[in-house]
Structures are given as C-alpha cells and as structure tokens.
Amino acid sequence: MNLRLRARFAALMLLTVLVPVLAACGSTPAANTSATSATSNGAGTAATTAPAATDAATASQATAAAPATAEATTAAATMSSETTTAATMSSETTTATTTTGAAADTKSFLVYGGSGEPDTLDVLATTAGTALIVGDQMLERLVGTVPGKFELRPSLATKWTPNADSTEWTFNLRTGVKFHDGTPFNADAVVFNFTRMAEHRYADKKVNYDIFPEIFGGYASDKGTTWKGVTKVDDNTVKFSFTQPTPLFPNYISAGYFGLSSPTAVNKAAEKYGTTEVGVVGTGPFKFLEWKAGESVTAVRNDDYWGPKAKMPGIVFRTITDQAARLTELKNQSIDFTVNLAPDTREALKSDPNLQLVSVEPFNIAYLAVDTSVKPLDNPKVRQAIAYAINKKAILSGFYGDEGEVATDFLPPSLKAARPQGVETYDYNVDKAKQLLKEAGVENGFSSITLTDTSKMDLDLWYMPVSRPYFPTPEPIAGQIASDLQKVGIKVKQVTEDWAVYLKNESAGKKHGLYMLGWTGDYADPNNFLQVHFASSSPNSTHYANKQVDDLLSKAGSATTADAANKLFQQAGQIINQDLPRIPIVHAPPVYGALKEVQGWVPNPTGGDDFSVITVTK
C-alpha cells in the first residue's frame with residue numbers, strides 16, 4: 001500500500017471512530033460565463049475590455065486603450081459528477097466549526113500551501129500577495145480578468161462605458177447578487193466600498209488603504225488626487241468621476257485590492273473586519289469559515305453563488321513559511337498545490353511522477369529599497385555605489401538558476417516599450433562603487449546612518465521572513481548582498497521581523513537603512529510599477545520625492561496614445577535611474593508546484609488566481 005493509500009486508510013479509521021461525517025461532497029452543476037469583446041475605436045464609442053498584454057507591443061496598446069464596454073452572456077453547462085467516497089478521502093481530517101455552529105469536514109477540501117500568513121483578509125486594506133490570494137476567493141471585484149491573462153472580463157459589473165475624455169466611467173452592475181450574509185449587492189454597496197477607501201475615514205482611520213493614493217495620487221481630500229468621487233445613478237448603476245482622463249480605470253479596479261465587502265458586515269465589525277476574529281463577507285464562490293492564526297484560513301463553497309459553483313467543497317489556505325517545508329508537504333501529499341518554491345526545485349518537480357511544475361510568466365521586480373532621508377544614503381552617489389557593488393548576475397545564477405533576467409530597470413520585460421533608453425545599467429563594478437563612495441565623502445565605507453533627528457543607528461539590511469515570487473529565498477540573498485557591500489566597505493546588520501509587522505513598518509517609512517521587497521504587477525500599465533513606487537503621493541517608505549517625476553507620471557497616466565505615454569514613462573525612468581531610491585535586482589519567474597491530480601489551476605501573471613475552477617481527486 002503506497003503512502004497516500006495508507007494515509008487515506010488511516011484517515012478513514014480515525015473518521016469512523018472520532019468524527020461523524022457532517023458534510024458531504026457531491027456533484028455541482030455549473031455555468032460557463034463568456035464575455036463578448038471588441039477593440040475600442042475611440043473615446044466614448046462602444047468598445048470592450050483592454051486586450052491581453054503579453055509582450056511589449058500589446059502592453060503599450062493596453063496603456064493607450066480606453067476600454068468602454070463589456071457584456072457577459074451566460075450559458076448553462078452541466079458538469080460531470082464528482083463522487084467522493086470515504087475510501088478516497090485525504091489524510092486531512094480537520095473539522096472546523098462555522099459561525100452558525102455547524103461543523104464542516106475539511107478532509108475533502110482543496111489544500112493550498114501559502115508562503116506567508118495574510119495580514120488581513122480585507123483586500124482593500126492590503127497590498128500583500130499573501131493576503132490577496134486568500135481574500136480574492138471570497139471577495140469579488142467589479143471587473144475580473146481572464147485566467148492566465150491581462151484581458152478584462154465582467155464580474156460584478158456587466159458593462160462599463162466612459163464619457164468622451166474618460167474623466168467619467170459608468171458601470172452597470174450584475175443584478176440578483178447577494179453577499180454571503182444576505183445583504184444585497186447593489187449601487188449602495190459599491191459606493192460604500194469605494195468611499196471608505198477614497199475618504200480614508202472608516203473606523204476613525206484605524207484602517208489604511210495604501211493602494212488608493214498609490215493609484216489615484218492621493219485620498220479624496222488630498223491635494224493632487226485625480227479622484228472626484230463615485231455616485232449612485234440607480235440601484236444597478238454607478239458613476240466614477242476623475243479630475244483628468246483615466247482611460248485605464250477598469251484595469252485599475254480589476255486588481256485584487258478592489259474586492260467588495262458587505263456594508264452590513266463591515267459596519268458591524270468596524271476595525272476588526274478582515275481579522276482573525278471575524279474574517280470577511282463577500283459575494284465570491286467561497287465563504288469565510290475560520291482563521292487559525294499562524295496556521296490556516298478555511299473557506300467553504302458558496303452554494304448560492306451567482307455564477308458557476310466552485311468545483312471543490314472548500315479550501316484550506318495553510319501558512320508554511322519555509323519553502324523547503326512546502327516542497328516536503330507537497331511530496332507527502334498533505335497539500336495539493338503551492339507557490340514560491342526555490343528555483344532549484346524545478347527539476348525535482350519535473351522528475352517526480354506524482355508532481356507537476358506549473359509555469360508562470362514573470363511580471364515582477366525584486367528590489368533593494370533605500371531610505372533617502374538618512375545620511376549618507378541621502379546622497380545619490382552612495383545609492384549608485386550600492387547598485388554597482390551588488391553582483392546581480394551572481395544572484396540570478398546562484399539563487400534563481402539563471403531563470404529570468406538581471407533587472408536594469410524597474411519595469412518587467414512585457415512593459416519594455418516604456419523603459420528608458422541609453423541609461424546606466426549598474427553592472428557589477430567594485431572599483432566604480434569605491435570611486436563613487438570617495439566622491440560622496442565616505443571613501444572608507446560606513447556601517448551606520450544618521451537619522452533626520454541627528455541620532456545614529458546601525459545600517460540595517462532588512463530581509464523578508466517569507467518567500468515571495470520575486471525573492472523566493474530572501475535570507476541567503478540578503479547574505480549575498482551583505483557580502484558584496486562589505487567588499488566596498490559598507491557593513492550592514494541583517495535583520496527581519498514578522499511579515500505583517502514588516503509590511504506595516506515599511507508602509508509607515510520606519511525601515512531606515514536598506515530593505516528588500518518586490519512587486520508583482522496588477523495590470524499591464526507601467527504606472528502600476530512606477531507611480532506606486534516613485535510618486536511622492538504614494539505611501540512614501542523611501543522618503544523619495546521628485547516633482548519632475550510626479551509630473552511626468554501623472555501626464556503619462558492621462559495620455560491618450562501609447563507612444564505619448566511611453567515617451568513620458570521613459571523620461572521619468574531616466575531620472576529614476578539616476579536617483580535610485582529603489583535598486584532593481586532581478587525579474588524572475590516564480591516556481592509553482594502541484595500534485596499531478598490537480599487540474600484547472602491557471603496562475604495569472606498578476607497573482608490573481610481563481611481557485612474555484614480547480615479540482616483534485618480526494
């Protein structure tokens with residue numbers, strides 16, 4: 001009897017003695033939703049969602065296009081029954097209790113091995129991929145994306161139309177949809193969710209919505225924001241207004257941050273909404289069940305879902321921070337699929353007859369951020385010296401198996417049309433680094449920094465405590481960076497902290513010195529990388545501000561052609577290349593793995609995957 005059969009038999013015996021079967025898994029009818037699309041032929045004319053942007057040309061087109069309308073048609077489709085018997089149950093026999101007191105038998109649930117714990121499940125209030133991938137299964141957006149692509153498709157909105165200059169967007173909402181607590185989904189719910197982000201007034205500002213100012217240049221009351229407001233037209237229609245043309249607004253809100261929650265649930269829970277205590281209440285194919293801090297989040301299938309029902313009765317999102325442990329659990333078949341494995345596991349996944357390597361296109365940047373407010377890091381020559389001192393090719397070879405490319409710019413390959421031309425690539429050069437340090441007045445290097453209050457502290461190099469797609473093995477990479485810097489006289493202290501605290505302190509600008517982080521793009525627009533990280537209106541963790549960069553990125557965001565936008569992005573990129581508040585390291589594809597029996601998993605380059613379509617025999 002092989003390992004999996006023994007595990008299943010043991011689970012069956014334990015089940016018959018200790019846990020009566022309280023929830024069964026049966027066949028689920030589903031519907032197949034398709035979207036009718038056409039290319040926009042002018043502002044204000046009938047058009048569609050933005051096209052998929054998988055290369056430089058289409059990425060540029062997505063930047064310029066003004067997606068106008070998209071209409072969904074639903075055709076019924078009967079799915080084949082998936083009968084689950086006790087003899088084929090997995091070894092996961094955990095029983096969870098719902099808020100109503102009913103027990104859910106999770107042994108037949110899909111099991112995901114996550115690389116870090118969510119900081120919240122309220123996706124409006126986070127930019128952490130570890131949170132978005134979980135919350136997105138329960139909270140839906142107005143606009144969705146085609147699995148594995150950037151192409152837009154209807155979700156809670158069935159149609160969207162701009163005015164002549166894209167300063168207004170009107171959205172027609174899907175009717176007959178309810179949140180998991182029975183609250184109707186309608187225009188009031190949409191206005192409530194966007195207003196709590198835009199006005200940053202929810203729960204006396206105890207909850208932050210950092211992505212909002214990053215995209216719109218500020219909260220509703222901030223000077224320079226492009227946001228004017230959202231209004232109810234009727235029960236099933238809302239209108240968004242902006243101070244400047246915003247042709248990519250549907251693309252913006254297709255990102256995972258814009259999952260909508262029940263106003264009833266949010267008001268009831270206040271600042272506790274999204275936490276371990278209360279979870280979230282959305283309209284999605286899965287409903288929140290429980291969150292065991294440090295262990296797992298569990299969700300059950302929403303059998304009242306408006307669209308095709310989830311193919312599995314539930315899902316357990318386990319937190320397994322160590323990538324080697326995730327691989328071991330996958331091999332032992334105690335998880336069904338996982339992400340952010342070490343690059344050297346590719347061959348192990350390919351050679352194991354029970355596993356599969358799941359390919360994902362890189363749409364990310366791994367970078368080293370610098371606090372530009374402290375001395376001597378406030379000197380651009382010091383930051384340039386750090387860039388020259390880091391052997392990025394050695395990092396790509398040693399920690400990514402030469403998969404991907406050394407990053408000479410913040411923008412990933414698919415957005416290369418917007419990259420600046422003829423700029424410094426900061427190839428590894430110890431002599432150049434030492435020369436720049438000499439010119440900056442720190443010829444012998446340094447090991448401490450001086451804060452704005454004149455106090456001194458050690459030069460910290462912060463590394464993440466979890467694996468992410470851009471930094472799958474952050475601690476040893478930090479060690480390599482520290483070793484490289486020491487060769488030019490820069491001595492750092494390597495430090496880390498809890499992931500949620502790490503993100504909170506980074507957002508608040510409390511990470512003085514150097515810190516490692518990265519970004520996976522949300523949609524095919526260069527500003528999703530550039531404005532988010534270099535505009536002074538964004539939560540400014542590096543304390544970097546350059547008015548010329550701000551103006552160029554703002555103009556690029558409202559440009560009406562791809563060529564015009566790309567020229568502006570290139571000009572901004574040239575300045576950023578010299579200022580270097582964040583030093584690009586690599587663009588590399590993440591490593592995902594799954595059991596051979598897992599079907600239907602189509603990872604999206606943005607990280608926004610739909611788990612409701614995944615099946616695995618249990």
Side-chain angles (χ1 to χ4, degrees), residues 7 11 14-15 18-19 22-23 25 89-99 102-123 126 128-139 180 256 259 272-282 284-302 310 312-341 465-468 498-500 503 592-595 598 601 607 609 611-612 614 616 618:
L14 180 62
L15 188 67
L18 298 177
V19 185
L22 297 177
C25 166
M89 297 294 185
S90 74
S91 58
E92 296 290 330
T93 58
T94 306
T95 299
T97 304
T98 68
T99 55
D105 187 357
T106 63
K107 62 185 177 296
S108 59
F109 285 16
L110 190 66
V111 184
Y112 169 78
S115 61
E117 185 170 31
D119 55 339
T120 177
L121 296 183
D122 182 7
V123 296
T126 183
T130 50
L132 295 173
I133 194 65
V134 181
D136 281 354
Q137 312 308 318
M138 296 169 269
L139 307 175
H180 301 150
K272 291 184 179 180
Y273 186 73
T275 66
T276 55
E277 296 179 54
V278 297
V280 289
V281 179
F286 290 101
K287 300 188 295 184
F288 175 79
L289 182 65
E290 67 169 357
W291 182 352
K292 295 180 179 179
E295 297 181 17
S296 64
V297 176
T298 303
V300 297
R301 179 169 55 209
N302 176 15
M312 299 296 287
I315 182 168
V316 178
F317 303 87
R318 290 185 54 197
T319 298
I320 310 171
T321 57
D322 183 72
Q323 64 84 20
R326 290 197 300 281
L327 180 61
T328 298
E329 297 232 26
L330 186 65
K331 288 182 176 180
N332 290 340
Q333 303 184 5
S334 53
I335 59 176
D336 299 317
F337 62 128
T338 190
V339 295
N340 305 332
L341 296 171
V466 299
S467 301
R468 300 302 300 131
D498 174 79
W499 182 225
L503 293 173
Y592 292 179
L595 300 182
V598 169
W601 184 26
D609 303 350
F611 290 173
S612 70
I614 300 176
V616 62
K618 292 282 187 175

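At least one side-chain heavy atom of R468 sits less than 4.5 Å from a side-chain heavy atom of N340. In this structure, R326 and L330 have side chains that are not in contact, with every pair of non-hydrogen atoms separated by 4.5 Å or more. With contacts defined as side-chain heavy-atom distances shorter than 4.5 Å, the pair W499/T321 does not qualify. Side-chain contact between F317 and P118 is absent, with no heavy atoms from C-beta onward closer than 4.5 Å. At least one side-chain heavy atom of T106 sits less than 4.5 Å from a side-chain heavy atom of T298. Taking 4.5 Å as the limit, every side-chain heavy atom of T120 sits out of range of all side-chain heavy atoms of Y273.
The only member of T126, T130, T275 that meets side chain to side chain donor-acceptor pair (under 3.5 Å) when paired with D119 is T126.
Atom CG of L121 is separated from atom CH2 of W291 by 4.5 Å, given to the nearest 0.5 angstrom.
Partners of D136 by salt bridge (charged side-chain N to carboxylate O under 4.0 Å, His left out), not counting sequence neighbours, listed by chain and number: R141.
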Given F288 and V297, is the side-chain contact (heavy atoms from CB on, under 4.5 Å) satisfied, shown in steps?
CA-CA 8 Å; F288 175 79; V297 176; 4.2 Å; yes
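Closest of all the heavy-atom pairs between H180 and M138 is CE1-O, 3.5 Å.
Classification of the W601-F337 ring pair by plane angle, with boundaries at 30° and 60°, yields perpendicular.
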